[in-house]
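Below is one structure; the comments refer to it alone.
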Amino acid sequence: MTNIELIAAILFALALVHTFATKTFDRLADRFPRHAGLFHFLAEVEVVFGLWALFLLIAMALTSGGAQAIAYAESRTYTEPLFVFVIMVVAASKPVLEVLRTLIDALARLTPLRTAVARVWLCLALVPLVGSLITEPAAMTLAALMLAPLVFRKEMPEWLKYAALGVLFVNVSIGGTLTSFAAPPVLMVAKTWNWDSAFMAANFGWKAAIAVLINATVVTSMLRTHILDDDPNAPKPDQVPPLVSAIHLAFLGAVVGFAHHPVIFMGLFMFFIGFTKAYERYQTPLILKEALLVGFFLAGLVVLGGMQRWWLQPIVSSLEPGALFVGATALTAITDNAALTYLGSLIEGMSDQAKYMLVAGAVAGGGLTVIANAPNPAGVALLRDGFDSESIGVGALLLGALPPTLMAMLALYLL
């Protein structure tokens, strides 16, 4: 452990405390209106890790020199933050959202449930599983936008909103395990351990699907009496031409296909921006601000998390498989699950059982906190306006995510 590693660990701990204190800053903004702008800024969950990453770089510059700080910042890989930014914007575009809404509506009408209730169930069950094909950040974006007017409304009891949010986060985290490329913690180990999509579906996917369906069914039954039917007098959205929808879906597929090549998908994103500008009448405003904040959050996590290996890796390597499963689930709550599995991939001589337990624990715990899984900040950014004070309490999220997390753990450990 070097001095800068110790400083980085302290700053990481302060960042974690900051995430739990965001609601406190909102209250301080009301108490001290003169500085309300600053306190509202500090209350933004997406700002937390970027802010403390800046403090780390300043500390590194003071202790090791500016050149060392710049070299460290440039040595980090920012593909994931960039990808999440791009996929959020593309997936949330009106033509893509309308295609998904049409599909969900058609499936909902085939069920014996009320259409609105069936929509909620499909958004919590089907969309997270589709994340195995379109990636977890895209699934989170689409599910959040579909669920916002149905569940995350001011009139909905607050505890039910946290229950639904916990299920959404957990289901997205485990729902991407049907393939080897959609879930960030799986992606970190798939090449090193030779885990292809067939392996993931046979060893993780079907178990995760069972947990996803149970979680979605339980929380939907809790929500059903509070879910409102459609207003027949509500204005219908403007029809998007099929060709425009097809082009948007092609952009989405291309971005997913080149998810590990930022030069390519950022170039595609520039063309996408140009296309939406050319056919502006078929668009709604792109969620650039929300997506940029999420990307900033993840980039800060990359910078801060890169200095935590000295204490995380010994913990992971010292645990037996059973303890590793529980430990990975718990550690995921305080660190990004992809970072955790990446550290595990560096350990020589891990047994196949230990590898399974590490990844199973990492994906099972992916809904416990905002930082546990890369798509979670996207869900927070898109859904927080529906909560009291327009912010999401980290402690309440943890409580809401515990039941679906336990279900995921049981499915992945016992089946």
Shortest non-hydrogen contact from Ala92 to Leu145?
CB-CD1, 3.3 Å
Under 3.5 Å donor-acceptor, Ser173 side chain and Phe169 backbone
no
Other residues, nucleotides, ligands: >12 heavy atoms within 6.0 Å of Lys154 NZ
yes
Do Glu74 and Ile70 have side chains that get closer than 4.5 Å, going by heavy atoms?
yes
With a 4.5 Å limit on heavy-atom distance, are the side chains of Val255 and Phe83 in contact?
yes
Decide yes or no on side chain to side chain contact (heavy atoms under 4.5 Å, CB included) for Leu82 and Val86, but give the supporting numbers first.
CA-CA 6 Å; Leu82 288 170; Val86 171; 5.6 Å; no
Asp105: side chain to side chain contact (heavy atoms under 4.5 Å, CB included) partners, not counting sequence neighbours
Arg101, Arg109, Arg119
Backbone N/O of Leu150 and side chain of Arg153: donor-acceptor pair under 3.5 Å
yes
Verdict with supporting geometry, Tyr342 and Leu187, side chain to side chain contact (heavy atoms under 4.5 Å, CB included):
CA-CA 9 Å; Tyr342 170 72; Leu187 183 63; over 6 Å; no
Have Asp196 and Ser180 got a donor and an acceptor in their side chains that come within less than 3.5 Å?
no
I would like to know whether Trp52 and Phe55 meet ring pair (Phe, Tyr, Trp, His ring centres under 6.0 Å); could you show each step before the answer?
CA-CA 5 Å; Trp52 289 97; Phe55 292 154; 5.0 Å; yes
Side chains of Leu142 and Ile134 in contact at under 4.5 Å (non-hydrogen atoms):
yes
Relative to the ring of Phe49, is the ring of Phe297 parallel (under 30°), tilted (30 to 60°) or perpendicular (over 60°)?
perpendicular
Which is it for Leu249 and Val99 under the side chain to side chain contact (heavy atoms under 4.5 Å, CB included) test, yes or no, and what are the steps along the way?
CA-CA 9 Å; Leu249 292 174; Val99 169; 4.2 Å; yes
Distance in Å, Ile315 CD1 paired with Leu343 CG, rounded so as to fall on 0.5 Å steps:
10.5 Å
Ring geometry between Phe152 and Phe387 (parallel below 30°, tilted from 30 to 60°, perpendicular above 60°):
tilted
Measuring from Leu397:CG to Leu368:CG, what's the distance to the nearest 0.5 Å?
8.0 Å
Minimal non-hydrogen separation, Ile174 against Ala211, with atom names:
CD1-CB, 3.8 Å
Rounded distance [0.5 Å steps], CD in Gln313 versus CD1 in Ile347:
5.0 Å
Under a 3.5 Å distance rule, please check whether Thr276 uses its side chain to pair with a backbone N or O of Ile273 as donor and acceptor.
yes
Closest heavy-atom pair and its distance - Ile334, Leu16:
O-CD2, 3.6 Å
Six-ring centre of Tyr282, Lys94 cation under 6.0 angstrom, axis tolerance 45°:
no
Verify side chain to side chain contact (heavy atoms under 4.5 Å, CB included) between Val302 and Thr77, making sure each step is shown before the conclusion.
CA-CA 8 Å; Val302 166; Thr77 300; 5.9 Å; no
For the pair Thr332 (side chain) and Gly365 (backbone), establish whether a donor and an acceptor sit closer than 3.5 Å, ignoring hydrogens and angles.
no
Nearest 0.5 Å please: distance from the OG1 atom of Thr115 over to the CD1 atom of Ile227.
11.5 Å
So, does Glu5 use its side chain to make a donor-acceptor pair with the main chain of Trp310 at under 3.5 Å?
no
Side chain to side chain, Leu382 and Met88, heavy atoms closer than 4.5 Å
yes
Would you tell me whether Gln283 and His248 have side-chain atoms, one donor and one acceptor, within less than 3.5 Å of each other?
yes
Just by distance, do the side chain of Thr22 and the backbone of His18 share a donor-acceptor pair under 3.5 Å?
no
Could you tell me whether the side chain of Tyr72 reaches within less than 4.5 Å of the side chain of Met60, counting heavy atoms only?
yes
Only counting residues at least two apart or in another chain, list the ones meeting side chain to side chain contact (heavy atoms under 4.5 Å, CB included) with Val89.
Phe85, Phe269, Phe272, Leu286, Leu288, Ala291
Should Asn215 and Val170 count as side-chain neighbours, where that means a heavy-atom distance under 4.5 Å?
yes
Output, in order, the C-alpha distance, side-chain angles, deciding distance and verdict of ring pair (Phe, Tyr, Trp, His ring centres under 6.0 Å) for Phe271 and Phe275.
CA-CA 6 Å; Phe271 284 111; Phe275 181 79; over 10 Å; no
Partner of Glu136 under side-chain hydrogen bond (donor to acceptor under 3.5 Å, both in side chains), picked from Asn373, Asn376, Thr141, is Asn373
Rounded to the nearest 0.5 angstrom, the CE-OG distance for Met188 and Ser345 is 8.5 Å
Any non-hydrogen side-chain atom of Val127 less than 4.5 Å from a side-chain atom of Leu124?
no
For a 4.5 angstrom cut-off between non-hydrogen side-chain atoms, does Gln308 reach Thr335?
no
What are the two closest heavy atoms between Pro377 and Leu298, and how far apart are they?
CG-CD2, 4.3 Å
Mind checking what makes side chain to side chain contact (heavy atoms under 4.5 Å, CB included) contact with Ile214, not counting sequence neighbours?
Ile210, Val218, Met407
Donor-acceptor pair, distance only, cut-off 3.5 Å: does the side chain of Ser64 make one with the backbone of Ala61?
no
Over all atoms of both residues, closest heavy-atom pair of Thr79 and Ala259
CG2-O, 3.6 Å
Is the CZ atom of Phe39 crowded by more than 12 outside heavy atoms at less than 6.0 Å?
yes
Quick one: CG on Leu402 to CE on Met409, what's the gap to the nearest 0.5 Å?
10.0 Å
Lys/Arg-Asp/Glu bridge criterion (N-O < 4.0 Å) met for Glu44, Arg384:
yes
Check the surroundings of atom CZ in Phe25: do more than 12 heavy atoms from other residues, nucleotides or ligands lie under 6.0 Å from it?
yes
When you measure from the side chain of Arg224 to the backbone N and O of Ser221, does any donor-acceptor pair fall under 3.5 Å?
yes
Counting heavy atoms not belonging to Tyr413, are there more than 12 under 6.0 Å from its OH?
no
What closest approach, in Å, do Gly366 and Asn337 show between heavy atoms, and which atom pair accounts for it?
CA-ND2, 4.0 Å
Can you tell me if Ser132 uses its side chain to pair, donor with acceptor, with the backbone of Gly175 under 3.5 Å?
yes
Before accepting this row, confirm whether a basic side-chain N of the pair Lys289/Glu46 lies closer than 4.0 Å to the acidic partner's carboxylate O.
no
Checking the side chain of Asn171 only, and the main-chain atoms of Val212 only, is there a donor and an acceptor separated by less than 3.5 Å?
yes
